[in-house]
There are 2 protein chains.
Amino acid sequence: MVSIKDIAKKAGVSISTVSYALNGSSKVTDETSSRILAIAQELNYIPNAAARTLKKRESKIIGVFLTDFKGEVYGDLLDGMKEVANTQGYDLIVCSGKQSHRMLPERMIDGAIILDQAFESEELLEYADRNHKIVVLDRELDHKNINQVLLDNKAGATLAMEYLIERGHQKMYIVTGPPGSFDSMQRMKAVKQALDRVDHIEWIEIEGDFKKSGGEKAAKQIIADYKDPVAVFCLNDEMAIGLCNQITENSSLVIGEQIHLIGFDNIELTRYMQPRLATIDYSKRKWGALAAEQLIKLIAGDTVENERIYVTLVEGESVGYAVK
Amino acid sequence: MVSIKDIAKKAGVSISTVSYALNGSSKVTDETSSRILAIAQELNYIPNAAARTLKKRESKIIGVFLTDFKGEVYGDLLDGMKEVANTQGYDLIVCSGKQSHRMLPERMIDGAIILDQAFESEELLEYADRNHKIVVLDRELDHKNINQVLLDNKAGATLAMEYLIERGHQKMYIVTGPPGSFDSMQRMKAVKQALDRVDHIEWIEIEGDFKKSGGEKAAKQIIADYKDPVAVFCLNDEMAIGLCNQITENSSLVIGEQIHLIGFDNIELTRYMQPRLATIDYSKRKWGALAAEQLIKLIAGDTVENERIYVTLVEGESVGYAVK
DNA sequence: TTGTATGCGTTATCAA
DNA sequence: TTGATAACGCATACAA
């Protein structure tokens with residue numbers, strides 16, 4: 001491996017001069033500088049990241065931690081993060097699973113963005129105590145080294161409920177996320193508030209898992225119980241899709257007629273469903289961009305306010321009017 | 001930051017003893033070892049990755065390079081890689097974009113898996129010349145430090161073509177990937193061979209891009225040209241989906257009746273299409289696992305053979321029989 | 001403007 | 001069994 005030492009030797013200068021030249025310092029003559037650069041080029045010199053990181057105590061890399069690589073939500077989110085990170089001189093790496101957690105405490109990365117329920121808050125707080133910088137997208141956490149960028153779940157769930165209520169539905173199923181999910185709990189809270197504001201709505205909560213399988217399971221229950229048309233609010237789109245398939249395949253019920261369905265997330269898949277799924281939309285790209293932005297500020301030592309991502313309703317034929 | 005030096009001081013031993021103890025060497029007494037470990041624990045010691053990497057000249061991290069984070073194919077592929085990597089003591093990080101290329105030459109990672117057409121072969125060969133280990137999933141490259149794990153594109157395209165031919169289709173459109181794509185070229189080659197084996201089939205090639213937009217564009221042309229029922233082979237599913245939507249929305253033609261459509265990849269989305277898209281399937285998880293396996297062997301200095309991932313046909317109502 | 005020297009946190013060689 | 005010391009490749013304070 002060729003190091004600055006080799007360049008120094010070949011150029012007949014000291015390693016510090018080489019280091020200065022390589023880093024574009026004005027302390028060194030243009031002449032020697034260009035000579036050094038030429039030699040570096042010739043020797044095919046490439047700096048060693050570990051050495052630089054060790055010395056500078058920063059890697060210029062930020063890590064994103066996801067539950068898995070399958071999620072439908074992630075594409076735009078990550079693109080948004082990458083765009084901001086790159087323009088600010090950071091590289092973005094995506095990690096998943098417990099093993100990769102070490103990246104943060106071991107200082108392989110300068111900061112972390114968390115979207116992984118399986119990453120314990122306790123663990124995050126430990127890292128924050130060690131002065132590591134973190135942005136969380138999936139929980140509330142109060143610490144000077146942690147910032148939150150959260151969805152406006154309350155507004156979203158409220159929009160969805162009002163959409164169903166306005167259309168006259170009197171019986172509803174709510175399919176939740178997995179027990180510990182922050183998003184699920186926040187959405188559910190808003191759901192209950194919306195229901196509290198109106199009378200005479202019968203509603204049933206079904207525990208889901210934010211995955212297709214949860215929607216399928218819920219569908220079975222709904223089919224078994226079915227008497228009259230009902231509305232269903234799946235607290236995310238993936239479950240809505242699972243539910244939709246199950247109903248279409250295993251019953252004669254029709255989405256948008258007997259089953260009025262709304263989801264949450266507006267994932268790409270929903271655009272290709274028949275009928276179009278009503279859902280709650282938000283800019284995933286912006287969410288990611290903002291998260292990266294906040295993290296970089298945190299790393300720079302700036303103080304940052306927690307941010308919120310706004311949501312809108314996407315109408316769809318999956319929800320029709322209740323017939324009297 | 002607490003380092004082994006701090007532990008040594010507190011334990012009244014030398015740093016080398018600490019290092020040995022921490023790494024579970026048998027050179028040190030169980031007694032001093034456990035004392036050291038206790039102190040390390042107490043001090044909340046965490047090793048520094050950069051220092052270790054610098055010294056050991058390995059990071060125990062492998063990097064995957066993708067074109068973007070949106071691809072539908074990636075979920076299982078990455079899971080397969082991660083599983084193998086983790087069990088072999090490696091961490092997996094996912095990168096995208098030109099900026100992140102530096103990870104490999106700068107030795108931040110021990111090896112790379114490439115699935116990104118935008119990553120120039122020339123650049124890869126340079127890295128390989130510098131003794132970096134690489135596995136490519138999207139091209140053929142002959143170098144002792146590069147291994148290939150490729151899809152059996154030829155078999156897949158042949159299966160698809162035979163499926164259409166068997167069903168009596170006499171006019172076909174082939175929607176290709178972007179010009180430089182290795183997969184597209186290989187599939188196209190097999191398509192032509194299949195067509196050469198039969199007579200009287202009229203066929204038209206449409207240049208696509210492996211994205212939904214390419215399918216939509218192709219659809220417009222097909223709609224404009226339409227006279228009699230035709231078969232369409234989209235060289236990947238994403239384009240098939242784009243095409244399907246365009247046709248459904250902007251014509252009265254029906255997939256599976258006037259337009260007989262087959263794709264390639266069997267991405268998850270296809271399962272939710274109406275009608276079910278015929279396509280070519282392969283185990284993405286296995287593909288990823290094998291790629292990681294090969295890379296780790298390469299890093300270990302073992303010699304490895306190039307591997308191939310087998311494919312199968314998935315039938316679907318998107319392809320019907322030609323009516324005479 | 002350039003060189004000398006030191007240290008970042010480890011691992012590993014060699015002596016003790 | 002343990003310790004002193006060098007080295008990994010780089011950045012930088014200070015001296016020249």
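In what follows, every chain begins at residue 1, and chains take the letters A, B, ... in the order their sequences are listed.
- Between A/Ile62 and A/Ile93, the closest side-chain pair of non-hydrogen atoms is not below 4.5 Å.
- With A/Tyr282 as the aromatic partner, A/Lys284 meets the cation-pi criteria of under 6.0 angstrom to the ring centre and within 45 degrees of the ring axis.
- With the end axes of the helix from C/dT1-D/dA16 to C/dA16-D/dT1 each set by five pairs, the angle from one to the other reads 40° at 10° resolution.
- If you find the closest nucleotide of DNA chain D to B/Lys56 and to B/Thr32, the one lying nearer the 5' end belongs to B/Thr32.
- Annotation: side chain of A/Val13 is in contact with side chain of A/Ile36 (closest heavy-atom distance under 4.5 Å).
- Residue contacts shown for A/Lys27 include a base, since a base heavy atom lies under 4.0 Å away.
- Here the P atom of nucleotide D/dT1 and the CD1 atom of B/Ile36 are 14 Å apart, to the nearest Å.
- Atom NZ of B/Lys60 has more than 12 heavy atoms from other residues, nucleotides or ligands within 6.0 Å.
- Contacts of residues 1-16 of chain B with DNA chain C (heavy atom under 4.0 Å): B/Met1, B/Ser3, B/Ile4, B/Lys5, B/Ile15, B/Ser16.
- Residues A/Asp91 and B/Arg102 are paired through a salt bridge, judged by an N-O separation under 4.0 Å between the basic side chain and the carboxylate.
- Remark: the backbone N or O of A/Ser181 is not paired with any side-chain donor or acceptor of A/Ser184 at under 3.5 angstrom.
- Across D/dG9, C/dT2, D/dT2, the shortest atom-to-atom separation from the side chain of B/Leu54 is found for D/dG9.
- In this structure, A/Ser33 and B/Ala51 both approach DNA chain C, and ranking their closest nucleotides by distance from the 5' end singles out A/Ser33.
- Atom pair B/Asp30:CG and D/dT1:P shows a separation of 9 Å (rounding to whole Å applied).
- Evaluation of the salt bridge (charged side-chain N to carboxylate O under 4.0 Å, His left out) rule for A/Glu42 yields A/Lys10 as partners, not counting sequence neighbours.
- Atom CG in A/Asn23 sits roughly 7 Å away from atom P in D/dT12 (whole-Å rounding).
- Among the protein residues, B/Thr29 comes within range of the sugar-phosphate backbone only, with heavy atoms under 4.0 Å from sugar or phosphate atoms but none that close to a base.
- Which of C/dT13, D/dC14, C/dG9 sits closest to the side chain of B/Tyr20 comes down to C/dT13.
- Per the geometry, OH belonging to A/Tyr45 stands 7 Å off C1' belonging to D/dG9, to the nearest Å.
- Within the 4.5 Å cutoff, the side chain of A/Glu120 has no heavy atoms near those of the A/Leu125 side chain.
- A/Thr53 has no side-chain polar atom (N or O) that falls below the 4.0 Å cut-off from OP1 or OP2 of C/dC8.
- In this model, the phosphate group of C/dG9 is approached by a side-chain N or O of A/Arg57 to a distance below 4.0 Å at OP1 or OP2.
- No N or O donor and acceptor, one from the side chain of B/Lys55 and one from the base of C/dA12, sit under 3.5 Å apart.
- Under 4.0 angstrom from either OP1 or OP2 of D/dA11 there lies at least one side-chain N or O belonging to A/Ser19.
- Below 30°, between 30° and 60°, or above 60°: for A/Phe119 and A/His101 the angle between ring planes is below 30°, a parallel geometry.
- A sub-4.0 Å separation between OP1 or OP2 of D/dT1 and a side-chain N or O of B/Thr17 is absent.
- The nearest whole Å value for the distance from the CZ atom in A/Arg52 to the P atom in D/dC10 is 9 Å.
- OP1 or OP2 of C/dC8 has not a single side-chain nitrogen or oxygen of B/Asn48 nearer than 4.0 Å.
- Taking atom CE of B/Met108 as the reference point, atom P of D/dC10 lies 13 Å away to the nearest angstrom.
- Heavy atoms of other residues, nucleotides or ligands lying less than 6.0 angstrom from CG of A/Asp302 number more than 12.
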